[in-house]
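Just so you know, these numbers use all the heavy atoms, side chains as well, and skip hydrogens, waters and symmetry mates.
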Amino acid sequence: GRYLTGQECWTYGGNVRYSWGKSKRGLITVETGTGTEPRYHSDNYPVWLNSVQTLSGRRDYFDYFRNKKIGTSAGYNFNKIKTDVSAGINIERHTSLIKTTDYNILNRDADQRGNPAVREGRLRSAELNIKYGSSYTPFGLAGQKRAELKIEHSSPDLLSSDFSFTRYRFTIDWKFDTFLQRRLLPNSLDVRFTGGTCSGRLPVQRFGIIDGSMTGLSPFGVFKTLRDHPLEGEKYCAFFWEHNFRTVPFELVGLDWLVEKGIGIIIHGASGRTWISEKRLAELSYSPYYQDNFYNEMGISINSLFGLMRIDVTKRLDKDDVSVSFGVARFF
């Protein structure tokens with residue numbers, strides 16, 4: 001439980017999990033709660049990290065709404081094929097939330113934008129999740145080989161929901177060894193594709209996003225030149241790639257002192273966009289972070305500085321915009 005000073009009310013939440021089966025690979029979860037939720041989900045940034053940003057007087061990365069919910073899901077891990085399958089039911093009540101403060105600990109004159117009004121009502125939905133490999137790890141030290149499909153369906157025929165939509169989200173992350181494969185750490189290519197589409201009328205609190213950088217941080221899988229906010233839309237797709245040459249470029253030019261410190265070079269790029277129909281744009285009560293074309297960028301990174309960090313220098317290809325950001329070093 002917690003007390004919200006801005007809204008002057010208490011909130012609560014809790015969940016119960018039960019593992020079942022001979023190897024405990026089955027899982028049943030029941031959760032309930034009421035409180036503030038981000039209007040869109042980020043794969044890369046937890047809410048606590050955004051709190052650090054807003055408390056320092058920078059732009060709030062998220063918008064918020066109030067949600068009262070209860071949900072249950074059941075799933076099973078098929079260990080031999082490295083796949084998890086789960087299905088569940090969500091029973092939620094959504095209401096808009098008025099911004100209550102612009103406070104920051106540095107007393108900066110920061111005027112955060114207000115929370116857009118959401119479509120209010122009872123959201124009843126069924127979900128299906130299929131995941132191959134491990135869960136996604138943002139700021140990961142190593143590449144991953146994984147894929148995930150999520151489907152959510154809401155209809156008035158399903159527990160009298162006030163919403164009618166189906167949304168599909170798909171993500172794949174894969175690492176390929178490229179050059180010098182006999183080495184303990186060969187050169188490698190990491191790719192990430194993320195996309196989402198929908199049918200019906202998707203509420204703004206279910207829009208998808210493509211992440212940008214936050215507080216100068218730019219993990220793999222975000223637009224590094226897009227500062228402190230994502231792109232959002234009813235539909236979206238993005239492709240990210242980076243090739244880790246490790247210490248090879250410095251070996252070739254004889255900079256052995258950099259090689260001994262393990263400092264390497266990464267080349268990276270990204271392309272993607274979101275879609276919002278013209279009719280829907282005209283109906284929105286706020287100005288979304290959205291552009292009607294593809295967002296493209298490319299850059300170079302110095303990897304393993306001071307052992308744990310990297311510096312990314314990235315150029316946006318359709319504008320004269322260069323960004324310098326930081327991330328966790330990629331080791332494997």
Side-chain angles (χ1 to χ4, degrees), residues 37-47 49-50 60-65 67 69 71 88 90 92 94 113 115-119 123 125-131 135-136 138 146-155 161 163-173 191-214 218-240 270-297:
E37 283 193 12
R39 184 172 60 84
Y40 37 76
H41 169 76
S42 169
D43 284 340
N44 294 284
Y45 303 121
V47 175
L49 183 60
N50 179 64
D60 197 329
Y61 192 83
F62 295 103
D63 298 325
Y64 305 92
F65 70 102
N67 189 11
K69 65 182 180 181
N90 302 307
E92 305 181 6
H94 295 181
R113 80 166 184 169
N115 295 316
V118 301
R119 183 184 170 192
L123 192 151
S125 66
E127 283 191 329
L128 173 67
N129 298 332
I130 303 173
K131 179 182 68 179
S135 297
Y136 179 61
R146 61 178 303 278
E148 189 167 10
L149 172 67
K150 296 183 177 182
I151 303 173
E152 182 183 21
H153 174 71
S154 179
S155 167
S161 177
F163 299 82
S164 181
F165 67 86
T166 304
R167 66 170 179 162
Y168 309 86
R169 293 173 291 165
F170 179 74
T171 304
I172 183 169
D173 299 274
V191 298
R192 174 175 171 83
F193 173 81
T194 181
T197 187
C198 66
S199 60
R201 184 177 177 81
L202 195 67
V204 295
Q205 61 269 35
R206 284 295 196 265
F207 275 17
I209 66 165
I210 305 172
D211 275 314
S213 65
M214 179 192 288
S218 57
F220 178 61
V222 310
F223 286 133
K224 301 178 188 297
T225 58
L226 184 65
R227 300 177 183 89
D228 294 335
H229 66 80
L231 296 179
E232 65 171 292
E234 298 170 293
K235 304 175 183 180
Y236 65 98
C237 72
F239 180 73
F240 305 90
S271 180
R273 65 161 295 178
T274 60
W275 285 266
I276 304 177
S277 67
E278 292 185 3
K279 180 180 179 181
R280 194 66 188 280
L281 275 173
E283 295 173 352
L284 292 178
S285 61
Y286 69 103
S287 297
Y289 294 122
Y290 167 78
Q291 63 177 41
D292 192 21
N293 50 43
F294 272 87
Y295 194 106
N296 302 292
E297 63 180 25

Any side-chain heavy-atom pair of S155 and T166 under 4.5 Å: no

query: Between P138 and Y136, which heavy-atom pair has the shortest distance, and what is it?
result: CD-O, 3.5 Å

- request: Check the angle between the aromatic planes of F220 and F240 and answer parallel, tilted or perpendicular using the 30° and 60° thresholds.
  value: perpendicular

statement: For Y61 and Y40 the tightest heavy-atom approach is O-OH, 2.7 Å

- prompt: Hey, does I210 have a side-chain heavy atom less than 4.5 Å from the side chain of R273?
  reply: no

field: Euclidean distance, S164 OG relative to R201 CZ, rounded to 0.5 Å
entry: 11.0 Å

- request: Could you tell me whether a side-chain N or O of E234 sits under 3.5 Å from a main-chain N or O of L202, the two making a donor and an acceptor?
  value: no

query: Once you round to the nearest 0.5 Å, how far does CZ of F163 lie from CD of E92?
result: 9.0 Å

Lys/Arg N to Asp/Glu carboxylate O, E152 vs K150, below 4.0 Å: no

- prompt: Got a second to check how far Y168's OH is from S199's OG, nearest 0.5 Å?
  reply: 5.0 Å

task: Start with the C-alpha gap between K69 and N90, add the side-chain angles, then the distance that decides, and say whether side-chain contact (heavy atoms from CB on, under 4.5 Å) holds.
output: CA-CA 7 Å; K69 65 182 180 181; N90 302 307; over 6 Å; no

task: State the CD1-CD distance between I276 and E283, to the nearest 0.5 angstrom.
output: 11.5 Å

query: Donor-acceptor pair, R39 side chain versus V204 backbone, under 3.5 Å?
result: yes

Distance-minimising heavy-atom pair for P219 and Y45: CD-OH, 3.5 Å

query: Do D173 and E148 have side chains that get closer than 4.5 Å, going by heavy atoms?
result: no

- prompt: With distance as the sole criterion, is a donor-acceptor pair present between the side chains of Y286 and N115 under 3.5 Å?
  reply: no

task: Of all the heavy-atom pairs spanning N50 and D60, show the shortest one and how long it is.
output: ND2-OD1, 2.8 Å

message: Within a 6.0 Å radius of atom CD on E278, are there more than 12 heavy atoms belonging to other residues, nucleotides or ligands?
response: no

Interatomic distance, T197 atom OG1 to R167 atom CZ [nearest 0.5 angstrom]: 12.0 Å

query: With distance as the sole test, does T274 use its side chain to make a donor-acceptor pair with the main-chain N or O of E232 at under 3.5 Å?
result: yes

query: How far apart are the C-alpha atoms of D63 and Q205, what are their side-chain angles, what is the distance that settles it, and do they pass the side-chain contact (heavy atoms from CB on, under 4.5 Å) test?
result: CA-CA 9 Å; D63 298 325; Q205 61 269 35; over 6 Å; no

message: Let me confirm one number: the OG-CZ distance from S213 to R227, rounded to the nearest 0.5 Å.
response: 6.5 Å

field: Contact summary for L123 and S154, nearest pair of heavy atoms
entry: CG-OG, 4.4 Å

task: Would you indicate whether the side-chain heavy atoms of Y236 and F207 approach each other to under 4.5 Å?
output: no

message: Whether the T225 and Y295 side chains hold a donor-acceptor pair (N or O, under 3.5 Å, no angle test) is what I'd like checked.
response: yes

query: At their closest point, which heavy atom of D43 faces which heavy atom of D211, and how far apart are they?
result: N-OD2, 3.7 Å

- prompt: Looking at F165, does the NZ or CZ of R206 lie under 6.0 angstrom from its six-membered ring centre and within 45 degrees of the ring axis?
  reply: no

- request: Could you check if a side-chain atom of V47 sits within less than 4.5 angstrom of a side-chain atom of P38, using non-hydrogen atoms only?
  value: yes

- prompt: How are the rings of F193 and F170 set relative to one another: parallel (under 30°), tilted (30 to 60°) or perpendicular (over 60°)?
  reply: tilted

field: Evaluation steps, side-chain contact (heavy atoms from CB on, under 4.5 Å), between R119 and H94
entry: CA-CA 7 Å; R119 183 184 170 192; H94 295 181; over 6 Å; no

